[in-house]
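In this text, all values refer to a predicted model and were calculated from it rather than measured experimentally. To find a chain, count down the sequence lines: A is the first, B the second, and so on, and within it residues start at 1.
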Amino acid sequence: MPELPEVETIRKVLQQKIKDRTIVSVKVLDKRIVKLSPSIFINSLEGQTFNAVSRIGKYILFTFKNDLVLVSHLRMEGKYFYLSKEDRNPPHSCVVFYLDKGYRLCYADVRKFGTMELTSVTDLTNLASIAKLGPEPFDATPEYLYQKTSATKRAIKDVLLDQSVLAGLGNIYVDEVLFLSKIHPLTQANLLTRNDTVTLLKHSVDVLNKAIVAGGTTIRTYQTLDGKTGEFQVELLAYGRENEECYACQSKMKKIFVAGRGTTYCPNCQRIKDKPLMIAITGMVGAGKSSVLAHLEKNGEQVYDADKIVANLYNDKNIASLISKTLNVDLHNENEVIDRDKLIKYLQDDISNLTKLTDIVHPLVKKELERIFASSNDKRIFVEIALPYSYRINELFNFFIGIETSKEKQSEYLKIRGDDFVIVRPDEEYFKNRFKLDYIIFNDRTLDDLYNSIDNILHHF
DNA sequence: GCGCTATCCTGTCAGC
DNA sequence: TGCTGACAGGATAGCG
């Protein structure tokens, strides 16, 4: 996934290898890469001599001695190989440039996302892909960035990825820049201050410069055409560090999806301004989640119970109708809301019905929690939720507290409650995701001990 | 016009 | 062991 530092590293090596070399012939092995007729592409390039290799944003520009420019974008997996007579073309070769003295410049692209276009030096800035590029972070001013961010409500991560705003940053470096700037990736761009844009630009320039010195970042398959890999991955502070400790505060790094991109951030260092912290209280069935929630509420905290949200959904006529219609089964009672007895029977008839139901209900719970989050003025919100990791509901939460108890205590509790048959799945789910939790409380003593344990955690938020 | 999502594409890996 | 589906993400088309 080459971004500006990787492209710059590749450009430097290309410049050394192919300057003043002449293209004897060209073979287009995959037409999808070349954005014009292959025959025109080939005829235009044969006999041309490379003059310089430059770069704008993530685009590589091969300039020839007759004013022609080959504009190449590597997208996700594009690579150049400089090969001698004896070397075989690498797998997934798409375009081969046969050079003088028997050498070849080969473009290979596993996923065929890369592009090649032809233009002239004079028309370069009119080429659509180049014309819309914003300045690189090295050339942008805080005033420019502030003008761009204040004009949109999009998430700041989305804006920084937009090449028409700033050219050169991609998913990896945006995560790094936001981490260093202590800005949450989902922060609405128009809520940033001018000082924030100063910080963002400063860190953008710093990160890109450091990565260029390190020869780029090798996450998956990136390498330069002389086979070297980048070294910046060892310096990454955020990208790809989900569930690892934040280098600044030791909180567990979280992963969410922003603008369809995997995004890693620190929930403690990168908080959304003026928005509450969302803290999930999860854990084993019968371990004391509800007691913890009641204790927090008594102490003036804002609390919600996901089970109550579900119960409210079942009592909503529109939702009840949607559930019955989607599942194609009558679950109404005479008041047109969900009938609990019918629902339990429906679930007992076929265990796979549970998944069908949660496919409808869990996204609605997520929506309701999003609404609560968006409209709240509280400092923090606690939500008791048995399955926070399904349907990406976890993306709403900054921290997770797990409550556990001994098997003996749990069975005692379940005997009193008398419904242990439904409990297996939540506990399985809980233990599957246990390693992602920020705090775990083991509750096998008194209620006061449980309350003390939760109170001791609160000062972290 | 803005904001969001699907699409392109294939190797890799986790889960069953 | 082998199959399936999710995921990786830069750029863009298309939809509401």
Side-chain angles (χ1 to χ4, degrees), chain A residues 1-7 10 29-35 55-60 71-79 90-94 107-117 127-134 136 147-176 185-191 216-223 233 236 238-243 255-264 351-352 355 359 363 367 370 374 389-392 394-395 425 428-429 431-433 435-436:
Chain A
M1 50 195 93
E3 301 180 31
L4 190 153
E6 291 75 39
V7 176
I10 291 165
L29 303 173
D30 195 312
K31 290 190 286 190
R32 285 172 289 189
I33 304 299
V34 177
K35 300 300 165 197
R55 180 188 59 72
I56 299 181
K58 302 175 196 172
Y59 288 86
I60 299 173
V71 180
S72 166
H73 196 303
L74 306 173
R75 294 285 181 96
M76 302 297 300
E77 307 260 356
K79 290 184 198 72
H92 312 290
S93 294
C94 300
Y107 176 80
D109 192 335
V110 175
R111 293 162 78 176
K112 279 80 180 169
F113 283 178
T115 58
M116 287 188 192
E117 300 170 89
L127 191 70
S129 47
I130 301 295
K132 63 172 181 46
L133 290 179
E136 293 184 358
Q147 182 204 333
K148 290 288 182 185
T149 53
S150 25
T152 179
K153 290 181 175 179
R154 291 154 72 197
I156 182 60
K157 168 147 185 182
D158 197 12
V159 175
L160 293 177
L161 284 172
D162 185 341
Q163 302 299 296
S164 71
V165 175
L166 284 179
L169 291 173
N171 201 42
I172 297 172
Y173 297 113
V174 167
D175 276 8
E176 296 300 297
L186 282 172
T187 305
Q188 271 184 27
N190 63 331
L191 299 180
T217 302
T218 298
I219 295 294
R220 283 160 56 85
T221 57
Y222 159 73
Q223 60 179 44
Q233 61 278 10
L236 292 177
Y239 179 84
R241 299 196 61 247
E242 181 190 11
N243 293 318
K255 183 176 180 181
I256 56 175
F257 287 84
V258 182
R261 305 284 177 257
T263 300
T264 319
I351 190 68
S352 70
T355 311
D359 279 346
K367 222 175 208 175
E370 279 169 343
Y389 290 100
S390 61
Y391 301 83
R392 286 191 184 170
N394 57 301
E395 289 183 21
R425 185 165 169 259
E428 272 179 12
E429 286 289 315
F431 281 107
K432 206 165 81 185
N433 293 292
F435 73 100
K436 299 176 185 171

Exercise. With nearest nucleotides of DNA chain B determined for A:V110 and A:R261 from heavy-atom distances, which residue corresponds to the more 5′ nucleotide?
Worked result: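 Taking each residue's closest nucleotide, the earlier one in sequence belongs to A:R261.
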Exercise. If you check every side-chain atom of A:Y59, which of B:dC9, C:dA8, C:dT12 has the closest atom?
Worked result: C:dT12
Seminar exercise, completed: Among the nucleotides C:dC7, B:dC9, C:dG10, whichever has the atom closest to the side chain of A:K58 is C:dG10
Charged N to carboxylate O under 4.0 angstrom, [X] versus [Y]?
X      : Y      : result
A:D158 : A:R261 : no
A:K35  : A:E117 : no
A:E370 : A:K367 : no
A:E6   : A:K79  : no

Check: [X] side chain, [Y] main-chain N or O, donor-acceptor pair, under 3.5 Å:
X      : Y      : result
A:D175 : A:T264 : yes
A:R55  : A:G57  : yes
A:N171 : A:G262 : yes

Residue-phosphate contact under 4.0 Å: [X] side-chain N/O, [N] OP1/OP2:
X      : N      : value
A:Q163 : C:dA11 : yes
A:H92  : B:dG11 : yes
A:K132 : C:dA11 : no

Expressed as a whole number of angstroms, how long is the span from [X]:[atom1] to [N]:[atom2]?
X      : N      : atom1 : atom2 : result
A:D175 : C:dA8  : CG    : C1'   : 13 Å
A:H73  : C:dA11 : NE2   : C1'   : 7 Å
A:F257 : B:dA6  : CZ    : P     : 13 Å
A:N171 : C:dA11 : CG    : P     : 11 Å
A:K112 : C:dA8  : NZ    : C1'   : 16 Å
A:N433 : B:dG15 : CG    : C1'   : 14 Å
A:L74  : B:dT10 : CG    : P     : 18 Å
A:R75  : C:dA8  : CZ    : C1'   : 15 Å

For this session: Go through the side-chain N and O atoms of A:T263 and A:K255 and say whether any donor and acceptor fall under 3.5 Å apart.
Result: no
Exercise. Which value, rounded to the nearest 0.5 Å, describes the distance between A:L29 atom CG and A:S93 atom OG?
Worked result: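 Reported value, rounded in 0.5 Å steps: 6.5 Å.
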Exercise. In Å, rounded to the nearest 0.5 Å, how long is the span from CD of A:E176 to CG of A:L169?
Worked result: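 Between atom CD of A:E176 and atom CG of A:L169 there are 11.0 Å.
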Check: protein-nucleotides 1-5 of chain B nitrogen or oxygen pairs below 3.5 Å:
unit_1 : atom_1 : unit_2 : atom_2 : d
B:dG3  : OP1    : A:T152 : OG1    : 3.1
B:dG3  : OP1    : A:K153 : N      : 2.9
B:dG3  : OP2    : A:T152 : OG1    : 2.6

Exercise. When we call it a touch if two heavy atoms are under 4.0 Å apart, what does A:K432 touch: a base, just sugar-phosphate, or nothing?
Worked result: nothing
Seminar exercise, completed: Overall bend of the helix from B:dC2-C:dG16 to B:dC16-C:dG2 (five pairs an end, 10° steps) is 60°
